[in-house]
Amino acid sequence: QVQLVESGGGLVQHGGSLRLSCVASGSTLAYYAIGWFRQAPGKEREGVSCISNNDRSTYYTDSVKGRFTISRDNAKNTVYLQMNSLKPEDTAVYYCAAVLWPAKPISDLRRDDYDYWGPGTQVTVSS
């Protein structure tokens with residue numbers, strides 16, 4: 001069983017950047033596909049990006065394409081989400097989630113497919 005903890009959130013101005021980290025413990029992260037999700041107040045949790053366990057595939061929701069980059073360092077048991085050109089609408093609690101050896105392409109993974117979740121980190125973008 002893997003435990004996940006996010007960090008790197010904070011307050012940033014419109015157009016700024018943040019790098020979120022998702023550190024895993026209790027298991028080898030290399031076995032898991034990892035997704036980043038976010039939830040703004042009053043809204044449902046939405047998928048932002050995901051990366052396959054072998055690092056060969058990545059996926060981004062349309063609203064973050066060209067601005068966010070997901071990457072992983074399996075030696076450090078860590079997945080990153082580099083967020084550039086941040087907008088106020090990116091304000092949310094960001095969560096990372098893991099699924100062990102997913103049986104479908106990562107672009108088809110949905111929230112319910114992920115088995116393990118971190119507690120989240122707040123990202124606030126001021127206008």
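Scope of the values below: all heavy atoms of this structure, side chains included, with no hydrogens, waters or symmetry mates.
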Is any side-chain heavy atom of [X] closer than 4.5 Å to a side-chain heavy atom of [Y]?
X    : Y   : answer
P88  : H14 : yes
T78  : R72 : no
I70  : Q82 : no
T121 : Y95 : no

Audit row: Q3, Y116, side chain to side chain contact (heavy atoms under 4.5 Å, CB included) steps and yes/no: CA-CA 7 Å; Q3 292 83 44; Y116 306 100; over 6 Å; no
E6 side chain vs G120 backbone, donor-acceptor pair below 3.5 Å: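 Checking the backbone N and O of G120 against the side chain of E6, a donor-acceptor pair under 3.5 Å is found.
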For the student: nearest non-hydrogen atoms of I34 and A98, plus distance: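 Of all heavy-atom pairs spanning I34 and A98, the closest is CD1-CB, 3.5 Å.
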Are [Y] and [X] linked, directly or through intermediate hydrophobic residues, by side-chain heavy-atom contacts shorter than 4.5 Å (ILVMFWY only)?
X   : Y    : result
V79 : W101 : yes
Y60 : Y80  : no
M83 : V93  : no

Electrostatic pair D62:K65 at N-O distance under 4.0 angstrom: yes
Residue among T58, N84, L86 satisfying side-chain contact (heavy atoms from CB on, under 4.5 Å) with F68: L86
Show me the side-chain donor-acceptor pairs of residues 35-51 shorter than 3.5 Å, one per line, residues at least two apart or across chains.
residue: R38; atom: NE; partner: E46; partner atom: OE2; Å: 2.7
residue: R38; atom: NH1; partner: D90; partner atom: OD1; Å: 2.9
residue: R38; atom: NH1; partner: Y94; partner atom: OH; Å: 2.9
residue: R38; atom: NH2; partner: E46; partner atom: OE2; Å: 3.2
residue: R38; atom: NH2; partner: S63; partner atom: OG; Å: 3.4
residue: Q39; atom: OE1; partner: R45; partner atom: NE; Å: 3.3
residue: Q39; atom: OE1; partner: R45; partner atom: NH2; Å: 3.3
residue: Q39; atom: NE2; partner: K43; partner atom: O; Å: 3.1
residue: S49; atom: OG; partner: Y59; partner atom: O; Å: 2.8

Spacing of CD1 belonging to I106 relative to CG belonging to D113, to within rounding of 0.5 Å: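 Between atom CD1 of I106 and atom CG of D113 there are 12.0 Å.
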Nearest-0.5 Å distance that lies between atom OG in S17 and atom CZ in R19: 12.0 Å
Got a list of side-chain donor-acceptor pairs under 3.5 Å for residues 20-33, not counting sequence neighbours?
residue: S27; atom: OG; partner: Y32; partner atom: OH; Å: 3.3

